[in-house]
Asker: 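This is the structure I have questions about; it appears just below.
Throughout, a chain's letter reflects where its sequence line sits, starting with A, and its residues are numbered from 1.
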Protein chains: 2
Amino acid sequence: MAARERVTIREVAARAGVSPATVSRVLSGNYPVPPATRTRVLKAARSLDYVANVHARALVGGGRSMVAVILRQVTNPFYAQVAEGVEAEASDHGRLCLVGSTGGDTRREMELVQLMREEGASLVILVGGIVEDDAYRARVTRYAHALQGAGSRLVLCGRPSSDPALPAIVVEFDNEAGAHALTSHLVSAGHRRIVFLGGLPGNSALDARVAGYRAALTAHGLADEDAHVIDCGLGRGAGHRAMTELLTRRTDFTAVFAGDDMVAAGALRAIADAGLRVPDDISVVGYNDIPLAQDFNPPLTTVRTPAEELGRAAVRLALRDSEKLSAPVHHVLGTHIVVRDSVGPPAPHREARSTGGITPHDSATASDRPALPAAP
Amino acid sequence: MAARERVTIREVAARAGVSPATVSRVLSGNYPVPPATRTRVLKAARSLDYVANVHARALVGGGRSMVAVILRQVTNPFYAQVAEGVEAEASDHGRLCLVGSTGGDTRREMELVQLMREEGASLVILVGGIVEDDAYRARVTRYAHALQGAGSRLVLCGRPSSDPALPAIVVEFDNEAGAHALTSHLVSAGHRRIVFLGGLPGNSALDARVAGYRAALTAHGLADEDAHVIDCGLGRGAGHRAMTELLTRRTDFTAVFAGDDMVAAGALRAIADAGLRVPDDISVVGYNDIPLAQDFNPPLTTVRTPAEELGRAAVRLALRDSEKLSAPVHHVLGTHIVVRDSVGPPAPHREARSTGGITPHDSATASDRPALPAAP
DNA sequence: ATGAAAGCGCTAACAT
DNA sequence: ATGTTAGCGCTTTCAT
């Protein structure tokens, strides 16, 4: 089949015996047209399989604008949920939604923002914390102004604004409070030696969790030297590697605070591989409560960050003060702990800093595991 | 800062002291322009933060080309992986990639395809099997032709073509073979009463798995009445509900073939909730080998469908015979079983169709569970 | 009630 | 080497 030319409004007009203007009026539906001609035009359009050209329409100001989400990777369940929330809310507002992923590459992020700007997206939503440096912050500032100049609006989702005066909407969680609560939960269960697995210096979300973890430790009268942060970054693989390594080096911690649920997944596997059990030997907690966290072994205690709601809030807020160019909006969503089965009382044999009280589980390696050092 | 109007090519021209045509030539780069003016124009454009209007550009014929993925939902790990593969391969080819999700709504799918076509996507990739009916098939045919007419190309990813003559590329798995192998694995372990949980009549991928399951049963000398398919659809929730219900009704099956890993996740939870253990009491297998399947309790035996490679293949194939409009391409990717810990020998007390041999686990409900009926 | 005409921002002949 | 002109397909005044 040959690629016949696209049928235009003019052909429909000819077929219906009216002018293009009339066809436009019928199709746009924003102008009263007598039922008689209306029907005639509609029939002509249908018989020709006419579809309006969005470019022409957009050019002249008619086109529906869409909302764009830009995130690191779609395979991360948390990001995916945020995207789904954005999608849902956008759909409720009759907007189409597109998601682009950067793979952590700032160049690609820049291209994507640019592309969205070109397409005339009315909303560009940047999701998730990246590792920020000054150059990056400067770029976000440029995005915000450029987008505003083009009549659209930037939303920072799940991360703080680098500059409160930025013409951007920010929607995020209180990661510090969440981490504080989760750490307290661990302390309440009796844990004193808790390692934070998955720090990522420069990433605002992780930095906040680490801060909450440290603050909670202090609040419970533990010395700062009891804090131990392993900056292995995020992801299941990173969690698995770091935990495996930690297990061969130390024996005196009783709980692990994973930077997020994927890190927790890797850590759980590493612990199982080492022949230890959760929570009998070591307690583990995660962060985000991804849908499959309840299917881990054991079901994971974690903090629920309503990802989908984050996405929904982003577009709701942005659309609400649409065209108003009001003062920068800042919205913080609450989180709460979800208690499942990965936390128990500390294992007595792991509490002491000496290597006394060895069990069959770690007898093979316990003797060459040094105690936790003070934080740097 | 007020939202000044979008800067146009004319303003850049004025700033650089040249005509719009010259600016266009410089920016499009497809016409020799002296370095002197070239630099001047570029500087003017940059200082004005000029971005070309894609709509105007597309209207007149010069659209950039990007690749678009359209899938049901990004939160499904399998789909997300396919999208990531597409993204990666597109990126390798210097293309930008956008993903749109339909939420299973065919109207939204249509809008998205339309949008992509209008936006000048050179590749539109439809991922995953939907429930197909004649109207839907007709629509896909229209997509294919419309896209071809617009110089782009349609790729059907993870589902068969409704019509072999369609100007579309199809890349998929041999679901029937995979399901056959997996069912055989179960039979080899000694299972005779295996229920298929998660049928979705009309969905080509699931229908193929059911067919493979039935064929394997027959091949191993089991009567067709040993087949038992529960059409509960896909998703963790559906799997959980259906499994819970099944557990209260029947007692004589020893293994469950879940339609995909998410269904398996729900089934595992339901089994655990009922106080039964996997694989001691019941064996469970899934399909797709999503990244977290290894973190289930127990780690799930499933068939690995290389999702990312599926996505990569889709764009590689499509880009390879780009502009060639050659004969329809059909590509089938291999799959293989990944054996983990969710399959064991059948539990003796569940094998008999009578209610003899009760164990503490199911003694409470076993007496009112009827035997599996023959398939309809 | 409906047509004619004027662009939207851009590119591609066609001029110079 | 660069400016001028004519649309791309559509919507929207402004006429009729």
Asker: Are B/Thr22 and D/dG3 close enough that a side-chain N or O sits under 4.0 Å from OP1 or OP2?
Answerer: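 Indeed, a polar side-chain atom of B/Thr22 lies that close.
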Asker: Within less than 4.0 Å of OP1 or OP2 of D/dG9, is there a side-chain N or O belonging to A/Thr8?
Answerer: no
Asker: If I take atom NE2 in residue B/His55 and atom C1' in nucleotide D/dG9, what distance separates them, rounded to the nearest angstrom?
Answerer: 14 Å
Asker: Quickly work out the A/Leu27 CG to D/dG9 P distance and round it to whole Å.
Answerer: 16 Å
Asker: Does anything in residues 33-48 of chain A come within less than 4.0 Å of DNA chain C? Heavy atoms only, and list the residues if so.
Answerer: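 Within residues 33-48 of chain A, the residues near DNA chain C are A/Pro34, A/Thr37.
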Asker: How sharply is the helix from C/dA1-D/dT16 to C/dT16-D/dA1 bent, taking the axes over five pairs at either end and rounding to 10 degrees?
Answerer: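 Here the local axes at opposite ends form an angle of 40°.
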Asker: Is the phosphate of C/dT11, meaning OP1 or OP2, less than 4.0 Å from a side-chain N or O of B/Ser28?
Answerer: yes
Asker: What I'd like to find out is whether the side chain of B/Leu98 reaches to under 4.5 Å of the side chain of A/Leu112, using heavy atoms alone.
Answerer: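 Yes; the side chains approach each other to less than 4.5 Å.
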Asker: Within the structure provided, determine whether A/His93 and A/Glu89 are in side-chain contact (heavy-atom separation under 4.5 Å).
Answerer: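 Yes, at least one pair of side-chain atoms sits under 4.5 Å.
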Asker: Is the shortest side-chain N to carboxylate O distance from A/Arg107 to A/Glu111 below 4.0 Å?
Answerer: yes
Asker: Round to a whole Å and report the spacing from CG of B/Asn53 to P of C/dC8.
Answerer: 12 Å
Asker: Rounded to whole Å, how long is the line connecting atom CG of B/Leu59 with atom C1' of C/dG7?
Answerer: 12 Å
Asker: Is any side-chain heavy atom of A/Arg137 closer than 4.5 Å to one of A/Asp163?
Answerer: no
Asker: Could you walk me through whether A/Arg316 and A/Glu309 satisfy the salt bridge (charged side-chain N to carboxylate O under 4.0 Å, His left out) test, starting with their C-alpha distance in whole Å, then the side-chain angles of each, then the deciding distance to 0.1 Å, before giving a yes or no?
Answerer: CA-CA 10 Å; A/Arg316 198 180 319 119; A/Glu309 178 53 27; 3.2 Å; yes
Asker: So A/Leu42 and A/Leu27, side-chain contact (heavy atoms from CB on, under 4.5 Å) or not? Walk me through it.
Answerer: CA-CA 8 Å; A/Leu42 251 23; A/Leu27 266 24; 3.8 Å; yes
Asker: Taking the side chain of B/Arg57 as heavy atoms from C-beta outward, which of D/dC10, C/dC10, C/dG3 is closest to it?
Answerer: C/dC10
Asker: Return the nearest nucleotide to the side chain of B/Ser19; candidates are D/dG9, D/dG3, D/dT11.
Answerer: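 Between D/dG9, D/dG3, D/dT11, the one nearest the side chain of B/Ser19 would be D/dG3.
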Asker: For B/Ala88 versus B/Glu308, what's the shortest heavy-atom pair and its separation?
Answerer: CB-OE2, 4.4 Å
Asker: Considering residues, nucleotides and ligands other than A/Arg38, do more than 12 of their heavy atoms fall under 6.0 Å from its CZ?
Answerer: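 Open: at most 12 neighbouring heavy atoms sit under 6.0 Å from CZ of A/Arg38.
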Asker: Between C/dG9, D/dG3, C/dC10, which nucleotide gets closest to the side-chain atoms of B/Ile9?
Answerer: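 Closest nucleotide among those given: C/dC10.
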Asker: Of the listed nucleotides (C/dC10, D/dG3, D/dT11), which one gets closest to any side-chain atom of B/Val18?
Answerer: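 Of all the options, the side chain of B/Val18 is nearest to D/dG3.
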Asker: So what does A/Ser24 hit on the nucleic acid, given a heavy-atom distance under 4.0 Å: a base, only sugar-phosphate, or nothing?
Answerer: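 Touches a base.
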Asker: Scan nucleotides 13-16 of chain D against the protein and return all N/O pairs shorter than 3.5 Å with their distances rounded to 0.1 Å.
Answerer:
none

